[in-house]
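What you see is a predicted model, and the numbers here were worked out from it, not measured in a lab. In what follows, chains carry the letters A, B, and so on, assigned in the order in which the sequence lines appear, proteins first and then strands, with residues in each chain numbered from 1.
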Amino acid sequence: MTNVIAEIKKDYLYNLFLKGERADGRAFDQYREFSVERNLISKAEGSALVKLGSSQVLVGVKMQPGEPFPDTPNRGVIITNAELVPLASPVFEPGPPNETGIELARLVDRGVRESKAIDLEALCITPGKQVWIIFIDVHILDDCGNILDAASIGAIAALLTTKVPASKFGLGEDYPLPVKDIPIATTAIEFGDVIMFDPDSDEESIANTKLTVLSTADGSICGMQKSGTGVLRQEQIYRIVDIACEKAKEIREKFLEE
Amino acid sequence: MTNVIAEIKKDYLYNLFLKGERADGRAFDQYREFSVERNLISKAEGSALVKLGSSQVLVGVKMQPGEPFPDTPNRGVIITNAELVPLASPVFEPGPPNETGIELARLVDRGVRESKAIDLEALCITPGKQVWIIFIDVHILDDCGNILDAASIGAIAALLTTKVPASKFGLGEDYPLPVKDIPIATTAIEFGDVIMFDPDSDEESIANTKLTVLSTADGSICGMQKSGTGVLRQEQIYRIVDIACEKAKEIREKFLEE
Amino acid sequence: MTNVIAEIKKDYLYNLFLKGERADGRAFDQYREFSVERNLISKAEGSALVKLGSSQVLVGVKMQPGEPFPDTPNRGVIITNAELVPLASPVFEPGPPNETGIELARLVDRGVRESKAIDLEALCITPGKQVWIIFIDVHILDDCGNILDAASIGAIAALLTTKVPASKFGLGEDYPLPVKDIPIATTAIEFGDVIMFDPDSDEESIANTKLTVLSTADGSICGMQKSGTGVLRQEQIYRIVDIACEKAKEIREKFLEE
Amino acid sequence: MKMIAMDGSNISFFKEGLRLDGRRADEFRPLKIEVGVLARADGSCYVEMGGNKVIAAVYGPREVHPRHLQEATRAIVRYRYNMASFSVEERKRPGPDRRSYELSKVSREALEPVIFTSYYPRSVIDVFVEVLQADAGTRTAGINAASVALADAGIPMKSMISACAAGKVADTIVLDPMKEEDNFGQADMPIAMTPTGQITLLQMDGHLTKDEFQRAMELAIKGCRDIYEIQRKSLIEKYNQLGSELAVVQEAEVL
Amino acid sequence: MKMIAMDGSNISFFKEGLRLDGRRADEFRPLKIEVGVLARADGSCYVEMGGNKVIAAVYGPREVHPRHLQEATRAIVRYRYNMASFSVEERKRPGPDRRSYELSKVSREALEPVIFTSYYPRSVIDVFVEVLQADAGTRTAGINAASVALADAGIPMKSMISACAAGKVADTIVLDPMKEEDNFGQADMPIAMTPTGQITLLQMDGHLTKDEFQRAMELAIKGCRDIYEIQRKSLIEKYNQLGSELAVVQEAEVL
Amino acid sequence: MKMIAMDGSNISFFKEGLRLDGRRADEFRPLKIEVGVLARADGSCYVEMGGNKVIAAVYGPREVHPRHLQEATRAIVRYRYNMASFSVEERKRPGPDRRSYELSKVSREALEPVIFTSYYPRSVIDVFVEVLQADAGTRTAGINAASVALADAGIPMKSMISACAAGKVADTIVLDPMKEEDNFGQADMPIAMTPTGQITLLQMDGHLTKDEFQRAMELAIKGCRDIYEIQRKSLIEKYNQLGSELAVVQEAEVL
């Protein structure tokens, strides 16, 4: 039964796509309604709740002093974790992150890391001994599609509000976390040569291929990831990258730059 | 088949209860035969084997110096663990403690901790650096009902025989662990408005509701826990608490005070 | 079906054995073709690839400074691990080592340890503080029978090529790991009173009983392990031990002594 | 004004008869309940109680995996209490610890008595509670949210469950202890109950004389009754807005 | 009197021809066997051997979970060797480690040869051994207890299994090494066997010449034979008391 | 000659137009492919690429365990990327970490598009890749080996998959970065594709302008094409030697 319904839904959506339409009336490159609420969690050093259509992702940032990695003795450490808790979707299961959760966490992490958004050297307390550890914890609350973009935006939004809790640890006064760039993830799916951004869960369920592009404020690319068991042609990739950087700029300007 | 037998047993026991009787002839507030053997395990700093009817629980206490918790720099640390090993019952399974084992360990721990039975400040060696760690390990050997009371009594009995092994660690002479109170757990089940203490496994299997009361030497309550998927009325709870504190006094005087 | 084939194979092999023959024409005490390639893995401090018939086992040795065990403050530490990765056999499964893998690792470890092949006291850097840790990692690549002998030979071959990486850790110049003995494992199976060395996978699958003998250069025994659900008579054990020490000598001289 | 010294710090829990946050001894913290806050779940509820922020979701009745957990004559109920890493002062490692296993167990046992599990043999009703911010009282906040989420999911229930703790600080019995009172107080006693006074959860930590215990129980019961009214209102509001499905809630009231 | 120096400490293992605890080289430690010590288990046995205290329980034949472990033509045997945290000098973390996995495997393989597993297809016979106090020789003590517990559970067996170690200390072959001899000795060789001399367990650690090996084997075999008599007596006593079920044991003897 | 300073160390990536190991920017490292190197596996392949040494095995189509993973209409594909403990400079703890879970996922997704999974409903095709020595580019080496191993196992495929990375070092786009270039370079972009240019894997880390990205893509695609020829040759050689089974490979070419 489930499969029959899935097939019908697939046909329905595909026929719409052929007419250039999506089920909720959006253009192919249009994001769903979007909001970013900051600092909801006072126990966290920074936090942001992103709503993307019905999807909801809460990101909390905690900081504490700790040991640096031996090969980067004078740089702070970023640790990113994502919890795809079973509250958020009938397909999520309790237990340690599975490969979907790990991939999501690693992509969010890569966006922050590769864009050099955080000045890690400014987070050294005593070289080789003590640096700030930044924990970015992504908590998915409601998965109605494209939680990766929501998580990535939530992460940088939370970092932008983060105060380094120096006073709590007797390390001077609190100060804002030094953030130097605003990486944004934008994700498109491909289906029958249609490219579509910000897929909802129905759209995700029929597409075999997804491409996420992480881009920086200067319009460059700082990360990419194809996922799914489909293929992409070179020109499709170029097309997605072009739109992705544009979309990222819009999102950055609208939601993340003061 | 199993269910049929279970139903027959349930009916049989229930009919007995209505007549004010239990299968083994005990009164509703009467404990099974009881014994506490101490110091059976010479490798442990303290130990006690409790037999409660056919139930057998062995508790061992080990001590070693270790780091205090950061928020209690001058207090010893208690770590309580319970192993419901598959030797003890056909329904126990190998593997890390499940929620039943965790609940049991946490209740035993709470009895010791909340009664302030152990003078934790006397267990500080070097403030902020080194304190005594007390490991209370509950090993269930034969589960014929009410292992929680047996475990709780075993824990305090073992602690009462514990010698702090200072000489082993070059920290002076051994001395008895300073114990200041004797918390006792007493557990009752409720079934058809009958309240019954020290249930055996058959009685446990038919009751939906259980209430454990931990009480101290001064007749106060230092812990309570309802378990099971049934309900209790306020006056039932009061009744259980009254009898529980009385029973605890009897047990304390008979088995644990010299 | 599988069982039928297994039964036929069993009959076939057994009938051969009665005639004093093995499927591949070997004598009962004869090893399959054998090779030991050393230092294939330049990232490891020592390594050896052992091919025993179609079986392939790769052993890598890594070394790093670390803390000694409290009860042996001036001796290096050996840690042996075996990965029976699913690449090597249809019956191996991903996940932490199961009891077969653990037994194999512990036997390899025992061979090295009990023969006192490594001069652990020469591996002390600062007594009680820092010693060399030797990691012996056994990686099974192709299990066509008797991987234990291959692993054991690979381990000592890899150790014989190991350079202590002192310079990498600022501890002076690199030097060869001090190896004082060459323990060799030789394994026989028993089947219908036939004793057969170096069993291939078919032979292993029909035998209930296996005996591994670890012997040292002076012809003594430094370890033994019976495995499988069969039995051995005293004289069978004596016979295996006699041949095992002889075979070990041959292998040692041919492959491991320069 | 009473004083208590513990761990070298002097905390005054009362000032002119009022608590640190201005409450009277028998008051609970501001309580906000929002029904139906998640799209994927079959039922959901967000609860804020003082500094606590929790969200509950219900999925089911649905198929049980793994199958050997199935019960032939009733639905099983699962309850997962989970704290977000960032919900507490010092970051918590993700995943369940011993405390959360215990709280999941007693919370499940607090709700199961009112669920008509026999309606759905071989099924599971899954209740997930996420603590997004913790400030003492997360288990009771979670049960309150879960109870409303179950109603929101249309799970047939004999009644609501309402939960609240009483505590003892500076020898005074207080309702709904907050963090400071919980950390440095003398006792904490969370309960859960039906509107008709059947207790489904009872835990206690600390030190209470029998008399104090009875006073704490009375106070906690009163708290549960008041919380019940707010739960009820939140459901009626939600379903009046929608102009439908009210039946579910009313059925729950009657039974 | 011989001397041995190891790890900077001088230990004399012998004094006037006797060992540290007064035994001769070919004596085992005091052995006490109690049958049927647990109520829940189908069979059980408590063994004390010197400072070792172990208890074994047998459950089964019973259904196998998970089902894919079932064998169509025979019962599977499972064996779990487990040490209580407090059984050793330095507290052991609860749960199995690599050593206990290996001991469980070889112990299972020591018993399985005498169990008529084909009588119970698709079933499991579970053997659980808890080490309550350890003093060298826990695996052999566990096998001795398990073998009696199997008989107590009425599991059809071809024969008993008896286990004992021989060792080498100060170049002398000794029976049943205790802790000090095991820690600082030169070899340890536990075996298990049937009354008719079929070896079902054989392990060796240390250093033995071929000649020493044969002498150790002879000694260990003798130890097993003596232990067998004590196992047998403990079962007869138990079942004479009960005045029944002796048949089970006798059947075991005959086969 | 360009210079780049990072982490206090000055590395010159180019000397007279050539890279540290003497390659031109658009060259990949020496590539060696051996087919059918394992006896137990249904198909296997060993790949050396520069300092990388990886081995791939394929088992299947075979039965799926646990059964609930079965798909009614197709085979599932599993891919396990694993690093040997001794394959890297600092010993790696055995077992999967987060990185290897991610690489396993994207590698599986790189191969699955060309496998005719619908031929084998309810089955699994298992691909295991062991990294024996790592020197940047293990995921692409693994995919190249796995693709050949699938053909060697006779798994029907629409085409081969070839994989190669492009990178950016000292502002220059280079093919197939080695360890030093990967560690201290500015970007790394591994791709995998079919001989007809369908991209099945694309990942990128670092910093690339859109123009650089397109140049990197062109270069990586060229790399894949060249690697494909070597993969093809290795299979033909193997099956010419055997004088058989060539059909399998040819089928793969045609589809």
Evaluate the criterion side-chain hydrogen bond (donor to acceptor under 3.5 Å, both in side chains) for residue pair B/Ser205 and B/Asp202; output intermediate values, then yes/no.
CA-CA 5 Å; B/Ser205 72; B/Asp202 282 345; 4.8 Å; no
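- Among the candidates B/Leu84, B/Val85, B/Thr100, B/Asn98, the single residue satisfying the side-chain contact (heavy atoms from CB on, under 4.5 Å) test with B/Phe92 is B/Leu84.
- Taking B/Ser54, B/Ser42, B/Cys144 one by one and counting their heavy-atom pairs under 4.5 Å with chain E, the maximum is reached by B/Ser42.
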Is there a side chain to side chain contact (heavy atoms under 4.5 Å, CB included) between B/Asp200 and B/Glu203 once you walk through the steps?
CA-CA 5 Å; B/Asp200 64 26; B/Glu203 291 166 347; 3.4 Å; yes
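- Of the two parts of B/Ser201, only the side chain, counted from C-beta on, holds a non-hydrogen atom closer than 4.5 Å to a non-hydrogen atom of chain E.
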Give the C-alpha distance, both sets of side-chain angles, the deciding distance and a yes or no for side chain to side chain contact (heavy atoms under 4.5 Å, CB included) between E/Tyr120 and E/Ile76.
CA-CA 9 Å; E/Tyr120 306 104; E/Ile76 63 168; over 6 Å; no
Full working for side-chain hydrogen bond (donor to acceptor under 3.5 Å, both in side chains) between B/Gln64 and B/Glu45
CA-CA 10 Å; B/Gln64 62 188 48; B/Glu45 269 71 73; over 6 Å; no
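- By the 30° and 60° cut-offs, the orientation of the rings of B/Tyr31 relative to B/Phe197 is tilted.
- In this structure, the portion of E/Arg80 lying under 4.5 Å from any heavy atom of chain B is its side chain and not its backbone.
- When heavy atoms are compared at a cutoff of 4.5 Å, B/Lys43 approaches chain E by way of both its backbone and its side chain.
- For B/Pro86, the parts lying near chain E are the backbone and the side chain together; criterion is any non-hydrogen pair under 4.5 Å.
- The most heavy-atom pairs under 4.5 Å with chain B, out of E/Gly95, E/Ala84, E/Pro96, E/Ala56, come from E/Ala84.
- Only the backbone of E/Val37 comes within contact range of chain B, with heavy atoms under 4.5 Å apart.
- Proximity to chain E (any heavy atom under 4.5 Å) is shown, for B/Asp137, by both the backbone and the side chain.
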